[in-house]
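Heads up: the structure comes next, in structure tokens.
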Amino acid sequence: MNLKWNKYKIKHYYLQFKQRCKYWGYQSKEIAAQIFIPLAIFQLVRTIFFPTPFDVFLLLVIFAIILFLLIDWL
């Protein structure tokens, strides 16, 4: 088996891999947003009806995560 190193082919594979990783990061943010927004609504309703300090803290943490996702800080 004769392997020849083609720097352009290697660079092309590297750029494809980089693009896939970039898309995966974007896709994971979209999935996290789809999970945390309904969770925040549920937690808000639960906190309104049964307020405990833990529920309020959990609601603030969920809102902070949503804010980080929407501003693209993560």
Side-chain angles (χ1 to χ4, degrees):
M1 187 175 195
N2 187 6
L3 290 176
K4 292 185 180 180
W5 295 101
N6 186 349
K7 68 179 181 177
Y8 299 110
K9 194 173 187 178
I10 292 172
K11 186 176 181 181
H12 178 69
Y13 286 141
Y14 171 73
L15 291 176
Q16 279 185 334
F17 178 73
K18 189 175 176 184
Q19 186 66 27
R20 275 186 285 168
C21 290
K22 191 178 198 181
Y23 177 72
W24 182 84
Y26 174 76
Q27 189 178 16
S28 64
K29 287 180 187 178
E30 289 295 318
I31 291 171
Q34 288 179 359
I35 291 171
F36 278 108
I37 291 175
L39 185 65
I41 293 169
F42 172 75
Q43 187 63 31
L44 178 65
V45 170
R46 185 170 183 249
T47 303
I48 289 172
F49 289 120
F50 307 111
T52 62
F54 178 73
D55 287 330
V56 174
F57 176 73
L58 187 61
L59 183 64
L60 290 175
V61 169
I62 292 171
F63 279 152
I65 291 171
I66 291 172
L67 184 67
F68 289 152
L69 288 172
L70 292 177
I71 298 179
D72 287 333
W73 282 354
L74 292 177

Rounding to 0.5 Å, atoms CZ (Phe57) and OG1 (Thr52) come to a distance of 12.0 Å
Partner of Ile62 under side-chain contact (heavy atoms from CB on, under 4.5 Å), picked from Leu67, Leu44, Leu39, is Leu39
Sole residue of Val56, Ile48, Leu59 in side-chain contact (heavy atoms from CB on, under 4.5 Å) with Gln43:
Leu59
Tell me whether Ile35 shares a hydrophobic cluster with Phe42, the cluster being built from Ile, Leu, Val, Met, Phe, Trp, Tyr side chains joined at under 4.5 Å.
no
Partners passing side chain to side chain donor-acceptor pair (under 3.5 Å) against Gln34 (at least two apart in sequence or in another chain):
none
Cluster link Leu58 to Ile41, ILVMFWY, side chain under 4.5 Å:
yes
Identify whether Ile65 and Leu60 are in the same connected component of the hydrophobic contact network (ILVMFWY, side-chain heavy atoms under 4.5 Å).
no
Rounded to the nearest 0.5 Å, what's the gap from CZ on Phe36 to CD1 on Ile66? Could you check?
8.0 Å
Over all heavy atoms of both residues, which pair between Ala33 and Pro38 is shortest? Give the atoms and the distance, please.
O-CD, 4.3 Å
Going only through I, L, V, M, F, W and Y residues with side-chain contacts under 4.5 Å, is there a path from Val61 to Phe54?
yes
According to the salt bridge (charged side-chain N to carboxylate O under 4.0 Å, His left out) rule, which pairs have a member within residues 33-51, sequence neighbours left out?
Arg46-Asp55
